[in-house]
Amino acid sequence: MRILVVDDEKDVELLFRQKFRKEVKSKSLELVFAFSGQEALDILQRSNPPKVVYIFSDINMPGMTGLELLEEVKKRYPEIKISMISAYGDSDNYNKAINSGAKEFFTKPIDFVSLKEEIKGLIN
């Protein structure tokens, strides 16, 4: 299963690689990283249909925001599940994300136990 992590903070890649080390090593999970909304769309367009089945995206990014990415992905690839993350757990961002089709909403720091449960649910 291929997951696309979208966040403008590059240190997120190292964090995800550490937290999902076992899953990546066993090849049950493949992690792909994009550091902007546009880069995420470029990755999705590389194969038809996209090989990504789940996107985990930050909301607050320069250029295309995570919410704009969410809307674009839902329009182009409605089968891809997307969860959003924000440093701010405010109800406005939560409501916008869920109402736009996000599967789940996480706040930073990321609860990786909950995220792993979310991903396990997609695999089964």
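FYI, side chains are in, hydrogens and waters are out, and symmetry mates aren't considered; it's all heavy atoms of this structure.
The stretch residues 38-63 participates, sequence neighbours left out, in these salt bridge (charged side-chain N to carboxylate O under 4.0 Å, His left out) pairs: D58-K108. Among residues at least two apart or in separate chains, there is no salt bridge (charged side-chain N to carboxylate O under 4.0 Å, His left out) pair with a member in residues 78-88.
Legend: residues meeting salt bridge (charged side-chain N to carboxylate O under 4.0 Å, His left out) with E23, ordered by chain and number and at least two apart, are K116. Remark: K103 engages E118 in a salt bridge (charged side-chain N to carboxylate O under 4.0 Å, His left out) (not counting sequence neighbours). By the salt bridge (charged side-chain N to carboxylate O under 4.0 Å, His left out) test, D11 is found to be paired with no residue, residues two or more places apart in sequence or in another chain being considered. By the side-chain contact (heavy atoms from CB on, under 4.5 Å) test, Y88 pairs with N60, S86, D90, sequence neighbours left out.
No path of Ile, Leu, Val, Met, Phe, Trp and Tyr side chains, each step under 4.5 Å between heavy atoms, connects I80 with L29, placing them in separate hydrophobic clusters. Follow the hydrophobic side-chain contacts under 4.5 Å out from V52 and you reach M64 in the same cluster. Grouping the Ile, Leu, Val, Met, Phe, Trp and Tyr side chains by contacts below 4.5 angstrom, directly or via other members, places L67 apart from Y54.
Between F112 and F16, the ring-plane angle classifies as perpendicular under the 30° and 60° cut-offs.
In this structure, the separation between OG on S57 and CG on L70 is 8.0 Å, given to the nearest 0.5 Å. I55 CD1 to I43 CD1: the interatomic distance, rounded to the nearest 0.5 Å, is 9.5 Å.
Electrostatic pairing of E71 and K74 does not count as a salt bridge here, judged by no charged N lying under 4.0 Å from a carboxylate O.
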